[in-house]
Amino acid sequence: MLYVYLNDETLKVVEAEKKDRRVLVRNSYTLGDINKYVVSGEIIDKDGLSQYIKDFWTQNGISEKSARFCLNSSGIVSKIIEVPHISKVKTELFIKADFKTIERIREPVISYYTINDNKEKNVRNVLATVADKNLISSFVEIFSKAGIKLVTFDDALANLSAYLRNIPELLKGVNIVLVSDGNLLTSLVFTGGNFAYSSNTMITAERETPEYGYQMARIVSQLSQFLKSSGMASEINSVYVSQNDDSGFEFTDQAIGQLDPDIKVGKLRDIFRAVSSQGEEQNPDIEGYIYAISASASDPHTQSLIRKYKFDPDASKKKGSLMLKVLLCAVLGFSAVASSASVIIVKNARQNKLDELNARLMDLDIARSLNEYHTNLNGIKSLVYAGVDLDYAVSCIKTYPLADSSIKAVVDRCASGLCDIEIVSYSAEDGKLTINATAQSEYPISRFISNLMQESEYFSDIDYTGYTYMDSTDRWRVNVLCYLSGDELPEQTEQAASEEEQEDN
Amino acid sequence: MQTKLTARDKFLLYVLGVVVVIAAVVYFVIMPAQAEIASLDESIETVQKSVDLQDDSLAKLDDTKMAFEEATDSYNERKSFFYPIMTADEVDKMLTTFETNNGLTVRELELIMPTSGTSIKSFKPHTSQSLFSVQPETPAQTESSAATDLYAEKAKTYAEQNGSYLGEVYSYILSDEAETDKAQATEGDSSVVSDCVYSVDVRMTLSGSRADLEKSIDLLYHDYPAIRITAYNWTEVNDQRSEDLSGNPLPISDRGYLLNINVRLYMADSADKVTEREEASVQTPPEAE
């Protein structure tokens with residue numbers, strides 16, 4: 001895990017591993033010239049800082065892409081507040097109300113952890129941290145662009161106090177920890193292991209000089225007076241300084257010893273639960289990385305502003321809005337996919353149906369049956385037509401008169417006692433029956449013709465060309481043309497006659 | 001240059017994005033698919049009609065089989081009037097045997113075999129002198145109408161017994177046929193060429209007694225309805241048979257005569273031949289015909 005600390009001057013990175021309440025430091029890096037991008041807590045060049053960090057990561061071959069981040073800036077403030085035992089939401093409201101600085105923070109994000117719980121007073125002391133949401137999002141964005149994900153975001157002082165309160169040497173009595181960060185010296189007061197007070201002081205003296213030690217002693221003296229006057233403590237048990245150099249520490253130790261010989265002065269690194277990866281017994285040079293290492297004290301699930309930032313009501317509201325948009329998009333997407341899918345399914349179903357119908361049309365068995373059906377139909381039609389043809393032919397054939405013995409009998413009856421007749425020829429086309437009649441005189445012949453004319457049932461027309469007297473036989477001769485009626489005429493005439501009789505009756 | 005988007009801009013962009021996505025889906029996916037569906041629906045409708053027609057036809061297959069058998073029986077019943085298709089040898093043999101059995105001598109026989117269907121027309125009585133002012137309805141029309149009536153009755157029976165389908169078939173055919181009959185009736189004595197009726201024209205010279213010859217004519221008229229006498233003429237043979245033993249002239253019936261007689265023998269195709277011809281005409285492309 002990477003622990004990252006940033007102030008207005010430098011960016012410090014510690015590559016370390018938390019192990020058995022200690023931090024195993026593997027590598028540490030310092031990136032200077034941050035003041036080109038951050039001035040008095042204000043970020044003036046996001047993209048530049050992001051690229052600067054990215055290049056730094058690349059140059060040092062740092063593979064880790066997630067980090068715990070703590071910031072020492074005027075944009076983030078921590079404060080010990082006494083709050084009653086109330087709910088979390090009300091506690092946050094209480095803290096917001098207590099922060100005077102909140103008035104100049106547009107979108108405050110608050111985190112806190114309980115320092116101690118005074119059940120007698122029914123109150124508890126919390127270390128509350130507040131920062132502008134834009135500040136948090138700016139750093140999250142900067143590191144994100146550099147390819148690094150911030151898992152925690154906290155105030156450096158809050159992290160350090162949280163880290164130090166678990167150190168056994170600070171659990172008893174009143175102890176002061178002096179941590180220098182460049183020219184800034186931060187004093188932390190622990191009473192009974194609880195973080196009680198902190199202050200920042202600018203150190204103007206050169207390090208490793210007696211003046212530096214005097215300034216440190218003066219700060220301890222001021223703290224002692226403040227603690228006594230405020231009733232927080234009557235005496236100071238020990239002072240731990242972040243100085244690593246022995247000569248500088250000597251000046252500090254002597255200066256504080258001159259102030260109060262009972263105060264124990266020690267190096268912070270001796271009690272700081274951080275070890276170098278070179279060997280657990282060898283304490284690392286932690287002076288420059290105290291804040292970075294203390295970021296390990298931040299719990300991303302409970303304390304970090306990142307969590308509060310994420311659970312910020314406004315953020316939740318926007319998240320809700322985002323969720324609504326995502327949900328709407330999902331609904332629209334699902335609707336689009338569903339409608340497309342349904343249309344495609346319908347299309348495929350239609351295509352399948354069409355294929356089935358076409359397959360049915362092309363089925364050989366059905367085609368054979370249909371062929372049989374059409375053959376039958378054509379056969380029926382041709383047979384019916386042919387049958388009608390036959391009927392017509394029969395009816396036509398039957399219309400022709402029969403020039404048989406019955407006709408001869410009729411002719412004989414007409415000629416009986418009048419003349420001799422002989423049928424000479426017959427033509428069916430016009431029903432012409434040629435009769436040769438001979439008689440003793442012309443009178444019987446005319447009677448014969450008259451009789452023939454009476455037989456209109458059998459003859460439709462009678463024609464003759466006149467008489468001829470034949471000297472050889474001394475007889476009169478005439479050729480008579482009798483045109484026969486159709487065969488059905490007599491019956492029809494009889495039928496008509498019977499119908500007329502019925503009508504008369 | 002950086003442009004800061006307001007919430008309103010973001011909202012409008014969001015709405016625009018949604019609209020664009022919906023429009024893209026509608027335009028590129030749904031509309032083409034809908035067009036294809038519409039096209040498929042039209043195809044399905046067309047094919048479905050064909051399938052329905054198929055189903056309807058298949059449902060009537062058994063009916064058509066039965067109707068075909070009925071039509072065949074009906075045709076065969078009508079065809080019984082006619083001779084089957086015979087060769088010249090068979091016709092010669094039949095007529096010669098007939099005349100010989102009647103005691104006649106066939107002195108000459110000439111056949112004209114048909115090459116196609118015969119032309120048939122009904123007899124029209126000679127009315128040149130207008131002896132009868134009122135002409136009766138021609139028998140041809142009566143017979144034809146009777147034939148049509150017969151089929152109409154048949155159609156009605158089928159419709160009653162077997163459902164409407166066979167009745168529809170007959171009614172359809174007969175309505176068409178009725179139009180033909182009507183046309184024939186109005187055309188008067190115009191002849192009709194039948195596809196299934198053939199005629200053989202035979203000219204014979206027969207010799208024998210006049211009585212035997214007349215008997216032969218009567219038999220032909222009454223016992224052989226499919227043979228019709230188209231013309232005949234008599235020629236008396238001047239021999240000893242014209243007088244009796246006393247030298248008195250014999251009655252005409254006993255005298256020897258030559259009878260020149262023309263007959264027409266009608267034949268008809270079998271039902272199989274009719275249906276085969278129909279199938280051939282259906283299957284043969286027009287170019288081949």
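Proteins come first, then strands; the chains are lettered A, B, ... in the order of their sequence lines, and each starts at number 1.
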> By side chain to side chain donor-acceptor pair (under 3.5 Å), which residues pair with Asp412(A), not counting sequence neighbours?
Replying inline: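 Asp412(A) satisfies side chain to side chain donor-acceptor pair (under 3.5 Å) with Lys408(A) only.
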> Who are the side chain to side chain donor-acceptor pair (under 3.5 Å) partners of Asp41(B), not counting sequence neighbours?
Replying inline: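 Here the qualifying residues are Arg350(A).
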> With sequence neighbours left out, which residue pairs that include part of residues 333-346 of chain A fulfil the side chain to side chain donor-acceptor pair (under 3.5 Å) condition?
Replying inline: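 Listed by first then second residue: nothing to list.
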>> I'd like to know whether Lys79(B) forms a salt bridge (Lys or Arg N to Asp or Glu O under 4.0 Å) with Asp389(A), so could you lay out the CA-CA distance, the side-chain angles of the two residues, the decisive distance to 0.1 Å, and finally the verdict.
In response: CA-CA 10 Å; Lys79(B) 184 190 159 294; Asp389(A) 264 7; over 6 Å; no
Max heavy-atom pair count under 4.5 Å with chain B, selected residue of [options]:
{"options": "Ala336(A), Gly333(A), Ala349(A)", "value": "Ala336(A)"}
{"options": "Val346(A), Leu354(A), Thr434(A), Val337(A)", "value": "Leu354(A)"}
{"options": "Leu361(A), Leu328(A), Asp430(A)", "value": "Leu361(A)"}

> Can you check whether Gly379(A)'s main-chain N or O pairs, donor with acceptor, with Thr275(B)'s side chain at less than 3.5 Å?
Replying inline: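 Such a contact is absent between Thr275(B) side chain and Gly379(A) backbone.
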>> When you measure from the side chain of Tyr75(B) to the backbone of Ala386(A), do you find a donor-acceptor pair of N or O atoms at a distance under 3.5 Å?
In response: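 It does not hold such a pair.
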> Taking non-hydrogen atoms and a cut-off under 4.5 angstrom, which of residues 420-428 of chain A neighbour chain B?
Replying inline: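 Hits under 4.5 Å: Ile421(A), Glu422(A), Ile423(A), Val424(A), Ser425(A), Tyr426(A), Ser427(A), Ala428(A).
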>> Could you measure the distance from the NZ atom of Lys353(A) to the OG atom of Ser43(B)? Nearest 0.5 Å is fine.
In response: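 Result: 12.0 Å between the selected atoms.
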>> Rounded at 0.5 Å granularity, tell me how far CD1 in Ile120(B) sits from SG in Cys396(A).
In response: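 Answer rounded to 0.5 Å: 6.5 Å.
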For [X], is it the side chain, the backbone, both, or neither that has a heavy atom closer than 4.5 Å to a heavy atom of chain A?
{"X": "Ile30(B)", "answer": "both"}
{"X": "Thr72(B)", "answer": "both"}
{"X": "Ile217(B)", "answer": "side chain"}
{"X": "Gln34(B)", "answer": "both"}
{"X": "Phe81(B)", "answer": "side chain"}
{"X": "Val21(B)", "answer": "neither"}
{"X": "Asp52(B)", "answer": "neither"}

> Between Leu332(A) and chain B, which part of the residue has a heavy atom less than 4.5 Å away: side chain, backbone, both or neither?
Replying inline: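 It is the side chain, since no backbone atom gets that close.
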>> Determine whether Thr230(B) and Tyr400(A) satisfy the following criterion, side-chain contact (heavy atoms from CB on, under 4.5 Å), listing intermediate values before the conclusion.
In response: CA-CA 9 Å; Thr230(B) 55; Tyr400(A) 284 86; over 6 Å; no
